[in-house]
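Every chain is numbered from 1, with letters handed out A, B, ... down the list of sequences. All values below come from the heavy atoms of this structure, side chains included, with hydrogens, waters and symmetry mates left out.
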Amino acid sequence: MALSHLPSASWSPQVCTPVSIPANQFFPMDQKSRTLSLLETCSGMEELKQIHAQMFKTGLVLDAIPISRLLSFCASSASGDLSYAHLVFQGIQQRNTFMWNAMIRGYSNSNDPEEALLLYHHMLHSSVPPNDYTFPFLLKACAALSALKETEQIHTQILKTGYGFQAHATNSLLHVYTKSGSLTSAHRLFNSVTQRDTVSWNSMIDGYAKSGNMETARELFNQMPAKNVISWTTIISACVGAGLSKEALHFFHQMQSAGVEPDHVVLASMLSACAHLGALDQGRWIHAYIDNKGMQIDPVLGCTLMDMYAKCGDVEEALSVFRNIKKGGVPAWTAIITGLAIHGRGREAIDLFVEMERTGIKPNVITFTGVLTACSYAGLVDEGILIFNSMERVYNESPSIEHYGCMVDLLGRAGLLKEAEELVMTMPMKPNAAVWGALLNACCIHRNFELGKRIGEILLEVDPSHGGRYIHLANIFTMTGEWDLAVKVRRLMKDRGVMKLPGCSSICLNGVVHEFLAGDRSHPLTEEIYLMWDRIVESLGQEGYYVTATRDSLLDLEEEKETAIHQHSEKLAIAFGFISTEPGTVIRVTKNLRVCEDCHTAAKLISKVYSREIVMRDRTRFHLFKDGNCSCKDYW
DNA sequence: CTAGGGTTAG
């Protein structure tokens, strides 16, 4: 390295400067402070390299403070360069703790965190002692690696060196333990430290929540003395992650009652909860809150906003958010493409995909999933095949099992069952339950019972705990008149203790989520709801509506007697929508399963007879019923 | 120069 060429002895002010001449004649103070302030405002590596070169000339490379600052910038700043930092570091003769820390910090945030541990090893060997900053950096690397053994060794050293009482070190340890799933160690440590602070509690809560133990997480949350916005975010995002979106909403309201101001992180989590629930009003409220507070919509927040609007049925608003965020990167394009996909707006999704390519943004695996889904839901078979083939050819990206799943779905939905099956048989990986499921679904739609039976049997082995598979297979046997086999499948399901996920439809009004199951009579307005539905049926009758024994109604074979098709959850939710909203209001219903065919027909007629738009969210996509038609064009 | 929280898909 260049440093060795410097006549180091003659550059040392003590050596070559007569006592009478002040040292700053060789290291002029304004020179040094100018360099320091240059480094402070340094914007990128280009500029930094110039400063570095200047430091060689002035000899400031030998001064610990400016070289440390330079090192720090290269190692940790967003526009830094870790390998350059490493070269600089290698050239330094006298490395102090700060310099080692800077390097360890840099590597702990890099994609090579292991190097941080190696550096620490060297640091100890060169007899430079760690300080209170060293451990958090080091443990961050351990967290990235889930390196439990190393964490335990570092734990011991923390205790030996007397940093065991230092909050940052302890909390870092707690974080690694919880993150690597070692909750026992975490809890032991948590119990042993006397001065637990909010950070310690937050880490514990997060750890329990992420390990699936929501009960303990909630308990700790209730117990903890002082909750800050991160505590609330932790419990709320834990709820969202566990699919407990209603609880998330509840906690959010509690948080506001407690006077804690929401920040952009907790709002992102809440938008995700709204997206899950289909709670458009709540979601809009949060959007308005963000605007009113003048908060900046960063790419992540922008994506959650788009996702919320799309999943709550308002794609137009999602598009408007998309146009307003200047630099969203791939995630933003992906979010909007996926949003259009679930609304059946495949053409627009493809157009945006093309536009994205033109902009020079490279699609990622999720983008491909999104655009292929768009093709699938809109029946754009040729386009889908073209894009699928371009993955390998244009992007050098081998399709993953999800992409094959999309293609099986695309071909199967379109009735190209032979092609779909062939793809399953020839794909380069072992088909999973999702792939088989897509094929089975296609068999049901197109009534290919022979193939359906074969695939159904496979699925009961591959995915034995999924209730829907048994129902599908049993229905196929029912339709082919093989009653005994249908009963056998039902019995197998029962014997294996598999439950059918009950169909549930919800509608959100004034921030309250109203849920309905088939035949539900638990709602306070039950009488009015059923009366309303009877009146609706009456007026639909004039349009020629009558209940048909469709294949979907067979899904309820078991409860056929008690759950008439007229009491399906979708219908109850629509009826409730009618009695609780003004004429002309859009009715928004969210269902956890696929919409039943009879309910689909009924909704189309209702939209015409009552001039009401009904937006219904399915397990996978949206249906916009308007003037007697559905946006899915009956292709779903 | 340090610790804890967010999103897009499935």
Query - Pair A/F190 + A/Y177: ring centers closer than 6.0 Å - result: no

Requested in this report: Kindly say whether the aromatic ring centers of A/H187 and A/Y208 come within a distance under 6.0 Å.
Outcome: yes

Query - Partners passing side chain to side chain donor-acceptor pair (under 3.5 Å) against A/S398 (at least two apart in sequence or in another chain) - result: none

**Report entry** Outermost DNA chain B nucleotides near chain A [under 4.0 Å, heavy atoms]
**Finding:** B/dC1 to B/dG10

Report summary line: The correct set of residues in residues 231-250 of chain A placing a heavy atom under 4.0 Å from DNA chain B is A/T233, A/T234, A/S237

For a quick check of understanding: with a heavy-atom distance under 4.0 Å over all strands, which category does [X] fall into, base, sugar-phosphate or nothing?
{"X": "A/T369", "value": "sugar-phosphate"}
{"X": "A/H168", "value": "base"}
{"X": "A/S269", "value": "sugar-phosphate"}
{"X": "A/N364", "value": "nothing"}
{"X": "A/T373", "value": "sugar-phosphate"}
{"X": "A/K311", "value": "sugar-phosphate"}
{"X": "A/L173", "value": "nothing"}

Query raised in the report: Is a donor on one side and an acceptor on the other found under 3.5 Å between the side chain of A/N441 and the backbone of A/G437?
Result: no

Query raised in the report: Between A/D409 (side chain) and A/A438 (backbone), is there a donor-acceptor pair under 3.5 Å?
Result: no

Requested in this report: Would you mind checking if A/K362 and A/E357 are paired as a salt bridge, meaning a charged N to carboxylate O distance below 4.0 Å?
Outcome: no

Query raised in the report: Can A/K591 and A/D618 be counted as an ion pair, charged N to O under 4.0 angstrom?
Result: no

Report task. Check the pair A/I51, A/L39 against side chain to side chain contact (heavy atoms under 4.5 Å, CB included), reporting the backbone distance first and the verdict last. Result -> CA-CA 8 Å; A/I51 301 171; A/L39 282 166; 4.0 Å; yes

